[in-house]
Amino acid sequence: MAMLRNLTIPLLILTCTASLIWWAFPERLSTARTLGIVLGWAGCSLLLVSLLLMLRETWLAQWLGGLERMYQWHHWTGTTAYVLLLAHPLILAADAWPNSRLLAWQTLSPFNQGWPIWSGWLSLLLLMSGLAATFILRIPYQIWRWLHFGLGIGVLLGLVHLTLLGISEPVLPILALAISFLGWRLIRDDFGVAARPYVVGSVKSVAEDIVEISLKPLAEPTVITPGQFILVAFFTGQKFCGRGEFHPFTVSSVSADHEICIAVKALGDCTRHIQSIEPGTLARMHGAFGTFLADRPPKPQLWVAGGIGIIPFLALLRTGPVDQPTMLLYLYRTEVDAAFLHELRTLANLDQQLSLKALATGDEAPDLKSLLDTQGLAKYECYLCGPPAMVAALRKYLHNRDVTPQQIHFEKFEFR
Amino acid sequence: MRLLYIFATLIFWLLVAAFWAGSLWLPPAEKSAAIAVGKSISPTELAKHSTPENCWVAIRGNVYDLSAYLPKHPSQPDILPSWCGKEATEAYNTKTKGRPHSIYADELLIKYQIGILASGKS
């Protein structure tokens, strides 16, 4: 089933691109011109899929293998489409080059042209600036959001470019789909129309720059399991003024009365602002997403947490004793960063099958060889949650000790 | 993906600059052709260029050498060659289902202009 879920996005991309190219494949044109046209349609198809993959709906995430996976493919399809669309006008110009250099430049140049070509150029420039904001510029989140929104306008302008060229079929249905996806994302997800209302019940400082916030449902509650994450936006309280931006947070506990807790670490402007949140603040929530600790096989488990990465494991441990021999390695920078350590020690003392190893690593990378049993690692099912560098080092280390990729589970949380 | 973005963008702008530079240093034959756009061409002269390999077409008072464009035209293969050496304004204005050609087609056509159609026979 998991294999099938992993194939849904590649199959969707393949089907969409192949059918569009088949429909629009030009006949009796030179190879270069044919290639230029085909690359344009392939880019168009990838952009359409990229728009679909940015929607934050739980049912869609289940079909497509999870929200994190959707975002990885959203980035891949967007970047690949950009490269193909850059090649599209260059190859059309190159086709004219052997006959006339002037015609080659006139094919490419936006000067002395009209809206059919200007819209194509504007589309490319918007894609270029939006992706520059993602890949190169270190800019505040709000500015980044607007530039990223410009990518959506770039996609629409690209389709307008096709319409002005006189290609109404199948461009108009594609344009309608693209507008639907963008509107869906904006209204249901970003404006929070589809999100469920909650209110902050309590706020507790659990370590330096980390608060645990409990959220009570104000309407029908969301069904959440330990290991999942939700997208939460905070609004106004008595004194607190939230920014209304949806950010991902892993759930740290789920109670029987559907009250949930999340832990928020001050990692950026918004999460630092949330540290001062107060009970009574209104919130809206999308989710829940993720399958990190779902479908665990009946095998000994190795859980490795780095810093705030302890949260999904804590959420599971708070539901009751573990059902398999479990070794939890909890790494943090200093003692003041060790959120929930006292509670974890209490849980480990009460649970025969759970062993806890907690260690302050400072600013140095931990010596994994001294921390993990090098002989018997291959028998463990490994779950990793922490900073990307730590997860990457652990994956390499485990792989070198005969742990197969199927035994290693992790989430990257790359949402920006 | 960051590196892919940076390399693709750099190469794109380098090639755009190369196409622009290439248009500045035209071969002598192409340069003289570019100067000749204002030349007056008679209907008799137009009629001499009536084959797909040597295809001149008059549209809205201008004469275009479409020999190089013919293989790229998206219509059925025998439609455009039948207008070589002729005045084709009406055909141009009423393509499939009576629709005129797009603005893009108008702009594309300008690139192939070689002169103006003279009103007399000479």
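Protein chains get the first letters and strands the later ones, always in sequence-line order, with residue 1 at the start of each.
For B:L3, no part sits under 4.5 Å from any heavy atom of chain A, backbone or side chain. Neither the backbone nor the side chain of B:F7 comes within less than 4.5 Å of any heavy atom in chain A. Using a 4.5 Å cut-off between heavy atoms, A:A87 does not touch chain B at all.
B:W13 and A:L125 get closest at one heavy-atom pair: CZ2-CD2, 3.9 Å. Annotation for B:S23 and A:R101: closest pair CB-O, 4.1 Å, computed over non-hydrogen atoms. The nearest pair of heavy atoms linking A:L86 to B:A8 is CD1-O, 3.6 Å. A:W76 approaches B:M1 most closely through the heavy-atom pair CA-SD, 3.7 Å.
Atom CH2 of A:W23 is surrounded by more than 12 heavy atoms from other residues, nucleotides or ligands within 6.0 Å. The environment of CZ in A:F149 is sparse: at most 12 heavy-atom neighbours from other residues, nucleotides or ligands sit within 6.0 Å. More than 12 heavy atoms of other shown residues, nucleotides or ligands fall within 6.0 angstrom of atom CG in B:N54.
The aromatic rings of B:F19 and A:W97 stand perpendicular to each other, their planes meeting at an angle above 60°, with 30° marking the opposite boundary.
Looking only at side-chain heavy atoms (C-beta outward), A:T134 and B:Y5 stay at 4.5 Å or farther from each other. Contact check for A:Y82 versus B:L4: no side-chain heavy atoms found under the 4.5 Å cut-off.
Rounded to the nearest 0.5 Å, atoms CD1 (B:I11) and CG (A:L90) are 10.0 Å apart.
Checked against disulfide (SG to SG under 2.5 Å), A:C16 has no partners two or more places apart in sequence or in another chain. By the side-chain hydrogen bond (donor to acceptor under 3.5 Å, both in side chains) test, A:S45 is found to be paired with A:T17, residues two or more places apart in sequence or in another chain being considered.
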